[in-house]
Number of protein chains: 2
Amino acid sequence: MTIETAGRLTETMIIDCHGHYTTVPAAFGEYRDALHERLAVPSGSGPVPAPPAISDDEIRETIEANQLRLMRERGVDLTIFSPRASWMDQHVTDPATARAWARASNDLVHRVTTLFPRNYAAVCQLPQTPGGSLDDSVEELERCVTELGFVGCNLNPDPSGGFWSSPPMTDEYWFPMYEKMTELDVPAMIHVSTSRNPAAHTLGAHYLNADTTVFMQLVEGDLFGWFPTLRLVIPHGGGAVPYHWGRFQGLTVRMNRPPLDGHVMQNVFFDTCVYHQPGIDLLTSVISADNILFASEMLGAVRGNNPDTGASWDDTKIYVDNVKMGEDTRSKIFELNARRIYPRLEARLAGR
Amino acid sequence: MTIETAGRLTETMIIDCHGHYTTVPAAFGEYRDALHERLAVPSGSGPVPAPPAISDDEIRETIEANQLRLMRERGVDLTIFSPRASWMDQHVTDPATARAWARASNDLVHRVTTLFPRNYAAVCQLPQTPGGSLDDSVEELERCVTELGFVGCNLNPDPSGGFWSSPPMTDEYWFPMYEKMTELDVPAMIHVSTSRNPAAHTLGAHYLNADTTVFMQLVEGDLFGWFPTLRLVIPHGGGAVPYHWGRFQGLTVRMNRPPLDGHVMQNVFFDTCVYHQPGIDLLTSVISADNILFASEMLGAVRGNNPDTGASWDDTKIYVDNVKMGEDTRSKIFELNARRIYPRLEARLAGR
């Protein structure tokens with residue numbers, strides 16, 4: 001997008017902060033199956049299998065025909081890219097499997113960013129297990145950031161997959177992750193994986209519920225008193241939160257918590273994965289532009305076109321473009337907030 | 001509210017479809033404590049205690065000083081009233097306790113409707129238990145409707161209180177309730193009770209998540225193919241659903257389900273318990289007026305005044321009044337939908 005600032009034309013970069021590698025080559029899905037099959041038989045069934053050989057061409061094809069094609073069509077310059085959320089499989093209790101699967105998934109995403117360095121920056125999956133130690137996750141985050149140039153991570157608040165057996169994210173259980181994130185200066189997107197609970201549909205309930213649940217945990221607790229520079233991105237437009245902003249403001253007063261703007265919203269950001277115009281209108285009218293990051297989660301939960309408009313449901317750039325706002329505000333949502341919240345992305349872009 | 005219809009002035013009745021008796025006399029809370037204390041000691045600790053004696057004056061005082069005072073101040077004529085949602089205690093596994101507690105809670109609400117017949121109609125709590133038979137619930141619904149004149153019930157999709165151990169509401173497990181509801185021609189509001197899960201705050205997460213979760217269960221299933229006249233009210237503005245309406249429309253297409261308007265929205269209704277203007281603006285712009293019922297959940301989750309406006313957060317009538325809409329639309333939201341969806345209320349009002 002070309003905008004005029006102080007009399008000169010400048011270019012606003014369009015950064016999508018939320019994309020997953022949902023179109024991996026088939027061999028990678030077979031590798032996942034092999035990991036699960038190993039766990040289905042009694043223990044002692046041999047070592048964790050090694051990841052498959054996947055060629056650069058295979059990766060190029062799956063990206064160019066899908067995510068990158070749509071980015072070009074829609075005018076998105078760069079996507080902050082991570083392994084497929086619904087395949088993070090953090091319900092698996094075996095730490096060796098979790099480590100191998102996260103490492104292979106992150107290595108694959110890293111190759112995407114190496115093949116398309118101008119279009120992708122990487123965010124890592126963590127080898128969390130339900131109730132397990134976070135040591136492996138801390139180690140994998142460090143590896144991805146310091147060795148592979150990742151700019152953040154996806155942190156799953158409910159590794160159980162819909163049973164919510166973990167303590168709230170304000171609990172000390174999570175502090176080792178926050179300490180490492182603070183040390184490395186990387187944010188986390190809060191993102192659950194597939195629901196294992198038949199009551200909660202993954203895409204239509206579990207994802208949105210997780211966003212709402214964690215936001216309320218942050219309202220109740222004082223996490224950012226402990227970690228003042230910690231930054232968390234809550235995806236899917238913040239779940240139910242902006243729609244119920246008055247409810248959360250009122251609860252904050254009733255519970256004698258600090259006002260949201262001076263407390264949680266100093267460290268929490270919502271993305272724009274809301275797939276209709278009225279939702280984006282509400283988000284941008286209720287939440288400060290400093291707390292909104294452009295995103296589409298493409299190719300994600302909702303694919304195909306809205307028959308009423310002919311446009312893709314998840315082409316969220318159209319909705320944001322339709323909102324009347326100043327160019328400074330627009331630049332924040334499309335570019336500047338992402339560069340601020342992901343300083344390792346900023347460092348890379350500044351070095352171009 | 002006075003409106004002009006076909007040249008003559010008619011009065012639109014203001015019906016709030018969602019109020020709880022959150023201000024019960026202290027003795028009733030002590031009774032609840034006694035029920036819980038009995039369960040805390042080993043079994044064989046004696047019969048379930050009987051409910052306390054509470055005078056009509058005590059009931060009058062707790063209603064007149066609270067809910068009825070606010071109804072009068074805000075111009076609400078009638079509230080569809082039910083026992084306190086956060087005290088439904090359906091996580092308790094002892095059926096005898098569940099029966100006694102539901103019966104006592106419903107009898108108390110019945111007395112409110114007897115003392116204030118012009119201002120209150122009753123909806124019952126059900127003696128559900130986690131995974132337990134619904135026979136007691138069916139029986140209590142029948143008692144409340146046929147003997148006490150109740151007009152509906154609150155059905156808890158997650159008696160476990162935040163662990164979601166029950167099957168989806170489209171499962172045959174729930175059919176005995178739907179058969180009785182259909183026979184009696186009464187709707188249910190979908191309403192969970194207190195969260196027992198430390199991850200999910202009752203008012204700021206569990207309530208909203210339940211609304212979203214059940215809506216998606218209904219999208220996935222074909223409940224209304226089995227029960228074409230069944231009517232379900234999803235409270236708190238439909239949880240996250242209207243804000244993410246495009247997501248749900250897109251998922252419906254992707255999952256090859258019938259369009260929402262011709263399927264789920266023939267039988268599902270959202271209330272207006274959304275505590276700020278932008279939320280009500282979105283709700284009324286996205287959801288058909290035929291599917292919206294005025295409600296405040298007063299006195300409920302959010303009490304006190306918005307310091308920015310000086311008005312009560314939960315005075316939702318102000319927000320609805322501020323929406324530009326025709327008087328026919330307004331009458332649907334404030335009165336006509338409630339009379340249509342609760343035919344036993346309609347019968348009573350028509351008989352006045």
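Chain A is the first sequence line, chain B the second, and so forth, proteins listed ahead of strands; every chain is numbered from 1.
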Original post:
For chain A, which residues of residues 257-274 of chain B have at least one non-hydrogen atom nearer than 4.5 Å to it?
Top reply: B/Cys273, B/Val274
**OP:** Select all residues of residues 206-215 of chain B having any heavy atom within less than 4.5 Å of some heavy atom of chain A, and report them by number, or 'none'.
**Re:** B/Tyr207, B/Leu208, B/Asn209, B/Thr212, B/Thr213
Subject >> Which portion of A/Phe248 sits near chain B, non-hydrogen atoms under 4.5 angstrom >> reply: side chain
Subject >> Heavy-atom proximity to chain B below 4.5 Å, by part of A/Trp164 >> reply: both
Quick one: does [X]'s side chain have a donor or acceptor within less than 3.5 Å of a partner on [Y]'s backbone?
X        : Y        : answer
B/Asn306 : A/Gly246 : no
A/Tyr243 : B/Pro278 : no
A/Arg254 : B/Gly304 : no
A/His244 : B/His236 : yes

Original post:
Got a sec: does the CD of A/Glu172 have more than 12 other heavy atoms crowding it under 6.0 Å?
Top reply: no
Would you give me the side-chain donor-acceptor pairs under 3.5 Å for residues 217-224 of chain B, sequence neighbours excluded?
unit_1: B/Gln217; atom_1: OE1; unit_2: B/Met169; atom_2: N; d: 2.8
unit_1: B/Gln217; atom_1: NE2; unit_2: A/Ala199; atom_2: O; d: 2.8

Among [options], who wins on heavy-atom pairs under 4.5 Å with chain A?
options                                : value
B/Ser160, B/Ser166, B/Gly204, B/Ala240 : B/Gly204
B/Pro198, B/Ala301, B/Gly162, B/Ala200 : B/Ala301
B/Pro242, B/Pro157, B/Ser165, B/Ser312 : B/Pro242
B/Gly239, B/Ala205, B/Ser285           : B/Gly239

Original post:
Tell me the salt bridge (Lys or Arg N to Asp or Glu O under 4.0 Å) pairs involving residues 278-303 of chain B, sequence neighbours left out?
Top reply: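 Sorted pair list: B/Asp290-B/Lys332.
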**OP:** Name the member of A/Val253, A/Leu283, A/Val241 that forms the most heavy-atom pairs with chain B at distances under 4.5 Å.
**Re:** A/Leu283
Original post:
For the candidates A/Asp158, A/Val302, A/Ile280, which exhibits the highest count of non-hydrogen atom pairs separated by less than 4.5 Å from chain B?
Top reply: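 Counting heavy-atom pairs under 4.5 Å, the top option is A/Val302.
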**OP:** Could you look at B/Leu282 and say if it's the side chain, the backbone, both or neither that has a heavy atom under 4.5 Å from chain A?
**Re:** side chain
Subject >> Exercise: identify the closest heavy-atom pair between A/Arg247 and B/Tyr275 >> reply: NH1-CE1, 3.6 Å
